[in-house]
Number of protein chains: 2
Amino acid sequence: MKLFLSTFINKLDKKGRVSVPASFRLALSGQSFQGIVAFRSYKLSAVEGMGIDRMQRLSDSVDQLDLFSETQDDLTATIFADSQMLSLDGDGRIILPGLLLDHAKIKEEVAFVGRGATFQIWNPKLFEEHQEEARQRVQEKQATLKLRGSDES
Amino acid sequence: MKLFLSTFINKLDKKGRVSVPASFRLALSGQSFQGIVAFRSYKLSAVEGMGIDRMQRLSDSVDQLDLFSETQDDLTATIFADSQMLSLDGDGRIILPGLLLDHAKIKEEVAFVGRGATFQIWNPKLFEEHQEEARQRVQEKQATLKLRGSDES
DNA sequence: CGGGGAATTATGGGATTCAATGGGATAATC
DNA sequence: GATTATCCCATTGAATCCCATAATTCCCCG
């Protein structure tokens, strides 16, 4: 199961550690770096999280742009430079650096929010509000989605 | 793991040495030259850094251009002629030559800035400003990126 | 259906390791 | 001989490992 689903709320201990939800750890297993890559969302008070494999694909995509171009530099400065490699300890925890805590306004509780291929890390309170607003926007706009590919069950 | 991620700020000692971040050293391991290749960015007050392997690829790319063309000559002059091989000492440090320090206006603190397949070396203060501008440009232009490769993470 | 383990997960804290840094001693270079 | 580079070791603070315990979920059997 390689999907990040559901929302989990865990505690930040006094060393700055949090348990990554077990199902997220499962989704991350088998990657070349045992941990998560996280960077500040540039639109939200939240942290974007994913496995290193997806990051590698992002890097390959950026490599298709012109080397030394402004676009390439801007993207790498906001994504790669800002991202942190947070490795899992033996008990499945990471330590969240202060920079990320500040950006997401996280104090003692941490929400891990599944988004399919990636996930986000929030202050639980702020996420609840955000989710409510998102639901309303979806309803107003009657947003829909086209399905790709085929089922294989 | 062959990606340069995150930003690390280390100190320049009075002998002109800096520690290369451990995760960068990991990304450089296994290459034919144990150290980094660095040259002055021709657009920014920064130093471009990478492993020797990527330098080889850059050389191959330049080889695709017309021999003796002006572009080819300009590129080789600004990149290959300008680059320095900085070897790692036993403790994972390099010596930054004065030419590079001057160009990047580095005094006592050095920022190693990950860019995926490569990295940059900055004066931390200057990079912070640059990163802020880059973030804004990304937002304004709604710069996006198509993900390459297959979707199975 | 429901209770009682058994396994898994989350969390707290002590002990250990490792990265970054400073500096002395030795070797190479001009 | 002076300057610069390399090697080696000491220190410190942070990250990691390791174990203990608490909470939760799962599962089997009554």
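Numbered from 1 within each chain, the chains take letters A, B, ... in sequence-line order.
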Quick one: do [X] and [Y] make a salt bridge, cutoff under 4.0 Å?
| X | Y | value |
| --- | --- | --- |
| B/D91 | B/R93 | yes |
| B/R135 | A/D74 | no |
| A/D63 | B/R54 | yes |

Consider the side chain of [X], meaning its heavy atoms from C-beta on, and name the nucleotide among [options] that approaches it most closely.
| X | options | value |
| --- | --- | --- |
| B/S19 | C/dA10, C/dA20, C/dG22 | C/dA20 |
| B/R17 | C/dG12, C/dA20, D/dC8 | D/dC8 |
| A/S87 | D/dT16, C/dA20, D/dC7 | D/dT16 |

### Message
For A/W122, run the ring pair (Phe, Tyr, Trp, His ring centres under 6.0 Å) check against A/F112, A/F127, A/F8 and tell me which one passes.
### Response
A/F127
### Query
Taking OP1 and OP2 of C/dG13, is either one under 4.0 Å from a side-chain nitrogen or oxygen of A/K14?
yes
### Message
Below the 4.0 Å mark, does C/dG23 have OP1 or OP2 next to a side-chain nitrogen or oxygen of B/R93?
### Response
no
### Query
Considering only heavy atoms and no angle criterion, is a donor-acceptor pair shorter than 3.5 Å present between the side chain of A/D91 and the base of D/dC19?
yes
### Message
With a 3.5 Å cut-off and heavy atoms only, can you find an N or O donor on one side and an acceptor on the other between the side chain of B/K15 and the base of C/dG24?
### Response
yes
### Query
What is the nucleic acid contact for A/D13, judged by heavy atoms within less than 4.0 Å: base, sugar-phosphate only, or nothing?
sugar-phosphate
Polar atom pairs (N or O), protein with nucleotides 11-13 of chain D, under 3.5 Å:
none

### Message
Applying salt bridge (charged side-chain N to carboxylate O under 4.0 Å, His left out) to B/K15 and B/D89, what does each step give before you reach the verdict?
### Response
CA-CA 13 Å; B/K15 294 181 182 178; B/D89 70 15; over 6 Å; no
[X] [atom1] to [N] [atom2]: how many Å, rounded?
| X | N | atom1 | atom2 | answer |
| --- | --- | --- | --- | --- |
| A/K11 | C/dG13 | NZ | P | 13 Å |
| A/F8 | D/dT24 | CZ | P | 14 Å |
| B/L86 | D/dA5 | CG | C1' | 13 Å |
| A/D89 | C/dG12 | CG | C1' | 12 Å |
| B/I9 | C/dT21 | CD1 | P | 11 Å |
| A/I95 | C/dG13 | CD1 | P | 17 Å |
| A/M85 | D/dA15 | CE | P | 15 Å |
| A/F112 | C/dA10 | CZ | P | 10 Å |

## Note on the structure
Only residue of B/R40, B/K105, B/H103 satisfying side-chain hydrogen bond (donor to acceptor under 3.5 Å, both in side chains) with B/S45 is B/K105
### Query
So which one's nearest nucleotide on DNA chain C is more toward 5', A/L12 or B/R25?
A/L12
### Query
Taking the side chain from B/Q31 and the backbone from B/D53, do they hold a donor-acceptor pair closer than 3.5 Å?
yes
